[in-house]
Amino acid sequence: MDFLSRKARAILPYTAGEQLRDRAYIKLNTNENPYPPSPRVAEVLARTEADGLRRYPRPDAGLLRAAVARHEGVLPENVFCGNGSDEVLALSFPAFFDGEGAGACFADLTYSFYEVFAAFFGIPKKIVTLKADFSLDLAAMRAADCQGYYIANPNAPTGVGIGRAEMEAFVASVPQKIVIADEAYMDFFGESLAPLTKKYPNLLVVKTFSKSYSLAGMRCGYAVGDAALIAGLFRMKDCFNSYPVDAVCEAVCAAALEDEAYHTETVARVVSERERLRGELLNMGFTVPKSGANFLFAGRGARSGKEIYTKLKEAGILVRFWDKPVLRDFCRITVGSPAENDALIKQLHSILL
Ligand SMILES: *Cc1c(COP(=O)(O)O)cnc(C)c1O
């Protein structure tokens with residue numbers, strides 16, 4: 001007897017990066033930050049009283065919502081917080097797309113969760129192929145028959161970013177369609193569309209605490225947009241989980257957000273290491289698109305992504321590899337600390353000998 005639904009049997013779930021604990025790895029495979037979160041996070045955790053956890057948290061994550069609103073220069077009614085930006089993105093599918101509609105449009109090489117969510121919620125997908133230089137074909141996107149768009153900017157796993165002016169022109173050109181800008185890596189690029197959500201009611205910007213704030217383990221992300229879009233996300237949340245953001249998470253993320261100096265400093269370090277590492281990879285003969293993220297997408301012709309991934313893993317260094325067309329010629333390498341990057345460079349030199 002198989003008790004699984006047809007949907008549960010048929011769907012191909014998202015595969016997260018390896019979280020191996022069998023030995024000490026230099027972990028450059030899931031775009032985590034090499035630096036710890038703001039010291040204010042540890043202070044909040046030390047102050048947290050267990051008794052407070054008797055109570056349910058705020059159903060709207062009101063404390064964090066207010067902090068995000070201050071940070072983004074919008075009102076709390078323009079902010080929605082969720083359990084990771086993955087959850088915010090998940091809820092956006094049923095909130096803004098119809099099963100019998102024209103579908104959600106996104107690139108062929110992008111965050112692979114979009115197609116999992118589309119399949120899960122029964123939303124048709126419209127796939128647009130990236131250009132040869134890995135840039136997004138915005139003209140083809142504009143021409144696509146669809147209900148709206150998912151644009152990871154900077155894109156994953158390529159790292160390629162689109163400037164604010166080009167994105168604004170795109171959003172302005174499709175006023176009848178929703179544009180969901182997934183800005184998981186935007187702090188490493190600095191061209192966020194969040195301020196433009198006040199001007200464009202069809203623009204939703206989604207961000208996360210996982211990457212630039214070093215809080216992947218906390219599971220928190222948020223959306224910024226017109227109050228009507230935010231209300232739509234709340235309607236979906238309230239059909240799944242009244243309290244996706246727990247009390248500890250709210251206080252921790254608000255504290256991290258308020259320590260802007262620390263955030264700016266750690267982001268600058270990662271960006272400077274990204275440029276150094278890219279230079280080294282280019283010197284070794286890798287093809288590496290210019291990255292606006294905290295990772296590099298690196299391929300080296302005849303040496304397959306799998307070979308490089310496998311040999312690095314044997315040496316205790318984890319990077320990300322996908323056995324799929326185009327992607328299989330590359331590895332995605334998270335920018336680590338200077339010492340981690342040095343170890344990676346050294347291993348790559350010996351692999352390529
Ligand atoms: C990491 C990532 C996310 C989500 O991360 P959460 O940890 O769920 O907040 C979303 N989009 C892209 C493109 C990512 O790489």
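Counting convention: from 1, in listed order, for ligands and their atoms alike.
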Practice prompt. Run the salt-bridge test on E275 and K290 with the 4.0 Å N-O cut-off and return the result as yes or no.
Written response: yes
For ligand 1, list every N/O pair with the protein closer than 3.5 Å, one pair per line with the distance.
| unit_1 | atom_1 | unit_2 | atom_2 | d |
| --- | --- | --- | --- | --- |
| ligand 1 | 5 (O) | S85 | OG | 3.4 |
| ligand 1 | 7 (O) | S210 | OG | 2.6 |
| ligand 1 | 7 (O) | R219 | NH1 | 2.7 |
| ligand 1 | 7 (O) | R219 | NH2 | 3.3 |
| ligand 1 | 8 (O) | S85 | N | 3.3 |
| ligand 1 | 8 (O) | D86 | N | 3.0 |
| ligand 1 | 8 (O) | D86 | OD2 | 3.1 |
| ligand 1 | 8 (O) | R219 | NH2 | 2.7 |
| ligand 1 | 9 (O) | S85 | N | 2.7 |
| ligand 1 | 9 (O) | S85 | OG | 2.9 |
| ligand 1 | 9 (O) | T208 | OG1 | 2.5 |
| ligand 1 | 9 (O) | S210 | OG | 3.4 |
| ligand 1 | 11 (N) | D182 | OD1 | 3.3 |
| ligand 1 | 11 (N) | D182 | OD2 | 2.7 |
| ligand 1 | 15 (O) | Y185 | OH | 2.5 |
| ligand 1 | 15 (O) | K211 | NZ | 3.1 |

Worksheet item: Going by an N to O cut-off under 4.0 Å, is there a salt bridge joining E87 and R219?
Response: no
Item to complete: Using the six-membered ring of Y35, assess whether NZ or CZ of R269 lies under 6.0 Å from its centre and within 45 degrees of the ring axis.
Response: yes
Worksheet entry | SB check R40 E258 (cutoff 4.0 Å) | no
Discussion item. I want to check a possible cation-pi pair here: R23 against Y25, using under 6.0 Å from ring centre and within 45° of the ring axis as the test.
Written reply: yes
Worksheet item: Between D60 and K237, is there a salt bridge with N-O shorter than 4.0 Å?
Response: no
